Amino acid sequence: MKVILVAVSSVNGKLTKGNETNIYTWASKEDSEIYFSLIEKHNLIVMGSKTYEAARKIIKLKADKLRIVLTRNPEKFKDDIVKGMLEFSSESPRELINRLGKQGYTKMLLVGGVEINTIFLKNSLVDELQLTIEPLIFGQGKNLVSDEELDLSLELINIKKLNKKGTIHLIYKVNK
Ligand SMILES: NC(=O)c1ccc[n+]([C@@H]2O[C@H](COP(=O)([O-])OP(=O)(O)OC[C@H]3O[C@@H](n4cnc5c(N)ncnc54)[C@H](OP(=O)(O)O)[C@@H]3O)[C@@H](O)[C@H]2O)c1
């Protein structure tokens, strides 16, 4: 299973601005275009329950796209389940990857947030990082990864300036 982590951050690595849960108040339209084209291209999307709660209003379920929300309490979301399109799981990332791999999935788009990104990175389960950096600095907010012991090396595969103000899109391979 190839796991692709996708995120947008400020120059100082913040994935959220202060207490604001909606990233579209500051992420550029060019980043949104990249993000939604990645969503379009992938049939397996994984996120943490807090990201789901922040994004649930704009999530458009599709028959050929499975979204899995990681939560320690799947029961809490039982009314939201749409079999094959929106499911909730308390499996570990490795268990999830193994199960979905056996079901024939070959690529997973990991869309955050910080807690879930950190667990996948810590377990060396991420193969590619697609990171957009907006020309912004936020004093407060959540970092790309939480304060854990992590020591990963990456290799830059592609870099693209997305607009005049200097939003940058980076694609990294994670060395394993
Ligand atoms: N800038 C970006 O690219 C970007 C991307 C995504 C999200 N975000 C933002 O990031 C924020 C959310 O990030 P976050 O770090 O607070 O939360 P998160 O990673 O989205 O979700 C955390 C939740 O995941 C579940 N979880 C954690 N460890 C688990 C495990 N081992 N097994 C199963 N479930 C587990 C828990 O859910 P339960 O509490 O239900 O048990 C936990 O509360 C939102 O504001 C969102 O808008 C930004």
Side-chain angles (χ1 to χ4, degrees), residues 3-40 42 44-60 66-81 86-100 108-126 128-150 154 160 162-163 167-172 174:
V3 178
I4 302 162
L5 197 171
V6 52
V8 55
S9 82
S10 67
V11 165
N12 57 325
K14 298 284 184 199
L15 257 57
T16 58
K17 182 181 180 185
N19 294 323
E20 175 66 74
T21 55
N22 180 6
I23 62 167
Y24 300 104
T25 58
W26 55 269
S28 61
K29 79 170 180 8
E30 291 80 7
D31 171 67
S32 298
E33 282 161 15
I34 288 185
Y35 179 74
F36 288 109
S37 94
L38 282 169
I39 294 282
E40 196 58 40
H42 290 83
L44 176 60
I45 298 155
V46 173
M47 71 195 85
S49 74
K50 291 194 181 136
T51 294
Y52 169 68
E53 279 169 349
R56 71 201 304 171
K57 280 192 199 130
I58 61 157
I59 292 177
K60 291 192 185 85
L66 174 61
R67 285 176 166 88
I68 300 220
V69 178
L70 288 173
T71 169
R72 294 189 182 91
N73 185 10
E75 185 64 15
K76 187 176 140 196
F77 297 96
K78 66 178 191 316
D79 294 338
D80 288 14
I81 297 172
L86 179 60
E87 298 179 4
F88 298 82
S89 171
S90 57
E91 288 161 292
S92 72
R94 207 176 289 276
E95 285 168 345
L96 187 71
I97 287 173
N98 289 343
R99 174 170 68 85
L100 294 165
M108 175 187 288
L109 198 64
L110 182 65
V111 299
V114 170
E115 236 186 276
I116 291 302
N117 292 347
T118 305
I119 300 170
F120 273 77
L121 286 166
K122 219 178 160 180
N123 286 282
S124 289
L125 296 172
V126 177
E128 185 176 295
L129 169 63
Q130 293 215 14
L131 178 65
T132 299
I133 300 182
E134 298 290 358
L136 299 166
I137 294 177
F138 304 142
Q140 284 164 342
K142 295 182 183 196
N143 296 318
L144 177 64
V145 291
S146 54
D147 194 10
E148 294 265 357
E149 263 188 46
L150 275 180
L154 312 177
K160 192 176 173 197
L162 300 184
N163 54 27
T167 300
I168 307 287
H169 182 246
L170 302 158
I171 302 181
Y172 290 101
V174 182

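In listed order, ligands and their atoms are each counted from 1. FYI, side chains are in, hydrogens and waters are out, and symmetry mates aren't considered; it's all heavy atoms of this structure. All residue numbers in this chain count up from 1 along the given sequence. All figures in this text were calculated on a predicted structure; none of them were measured in a lab.
Other residues, nucleotides and ligands contribute more than 12 heavy atoms inside 6.0 Å of the NZ atom of K14. No more than 12 heavy atoms of other residues, nucleotides or ligands lie within 6.0 Å of CG in N19, so this atom counts as exposed by the packing criterion.
Considering only non-hydrogen protein atoms, atom 32 (N) of ligand 1 sits nearest to E91 O, 4.1 Å. For atom 40 (O) of ligand 1, the nearest non-hydrogen atom of the protein is T71 OG1, 2.6 Å. For atom 18 (P) of ligand 1, the closest non-hydrogen atom on the protein side is G113 N, 3.5 Å. Looking at atom 17 (O) of ligand 1, its nearest protein heavy atom turns out to be K50 CB, 3.2 Å. Here the protein heavy atom with the shortest distance to atom 28 (N) of ligand 1 is R72 NH2, 3.0 Å.
Near A54, with a cut-off below 4.0 Å to any heavy atom, the atoms of ligand 1 are 47 (O). The ligand atoms of ligand 1 that sit less than 4.0 angstrom from a heavy atom of A7 are 3 (O). Near G48, meaning under 4.0 Å from any of its heavy atoms, are these atoms of ligand 1: 18 (P), 20 (O), 21 (O), 24 (O). In the vicinity of V114, heavy-atom distances shorter than 4.0 Å reach the ligand 1 atoms 13 (O), 14 (P), 15 (O), 19 (O). For ligand 1 and I119, the ligand atoms under 4.0 Å from any heavy atom of the residue are 28 (N), 29 (C), 31 (N). Which parts of ligand 1 touch V8 is read off a 4.0 Å heavy-atom cut-off, strictly below it: atoms 1 (N), 2 (C), 3 (O).
Checked by atom type, the side-chain pair S28/E134 shows a donor-acceptor distance below 3.5 Å. A side-chain donor-acceptor contact under 3.5 Å links S10 and N12.
Ranked by closest heavy atom to atom 42 (C) of ligand 1, the top entry among K76, Q130, E95, E115 is E115. Evaluated by nearest non-hydrogen atom to atom 45 (O) of ligand 1, the leading choice among T132, T21, V111 is T21. For atom 4 (C) of ligand 1, the nearest non-hydrogen atom from the set L131, D31, L5, L15 comes from L15. Nearest-residue assignment for atom 19 (O) of ligand 1 (options I116, T118, N117; heavy-atom criterion): I116. The residue from N123, T16, V6 that puts a heavy atom closest to atom 9 (C) of ligand 1 is T16. Remark: among candidates L144, T51, L70, the nearest residue to atom 7 (C) of ligand 1 is T51, based on non-hydrogen atoms.
In terms of the salt bridge (Lys or Arg N to Asp or Glu O under 4.0 Å) criterion, residue partners of R56 (sequence neighbours excluded) are, by chain and number, D80. Evaluation of the salt bridge (Lys or Arg N to Asp or Glu O under 4.0 Å) rule for E149 yields no partner, not counting sequence neighbours.
Salt bridge E87/R67: absent, no basic N to carboxylate O contact under 4.0 Å.
Under 4.0 angstrom from ligand 1, the non-hydrogen atoms of I23 all belong to its side chain. For K142, every heavy-atom contact with ligand 1 shorter than 4.0 Å involves the side chain, none the backbone. Of the heavy atoms in S49, both backbone and side-chain atoms come closer than 4.0 Å to ligand 1.
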Could you go through the side-chain contact (heavy atoms from CB on, under 4.5 Å) check for Q130 and L38 one step at a time? CA-CA 10 Å; Q130 293 215 14; L38 282 169; 3.6 Å; yes
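L86 is listed as a side-chain neighbour of Y52, based on a closest heavy-atom distance under 4.5 Å.
Taking OG1 of T118 as the start and NZ of K142 as the end, the distance is 10.0 Å to the nearest 0.5 Å.
A parallel orientation is assigned to the rings of Y24 and F36, their planes being inclined by less than 30° (bins at 30° and 60°). The aromatic rings of F77 and F88 sit parallel to each other, their planes meeting at less than 30°, with 60° as the upper class boundary.
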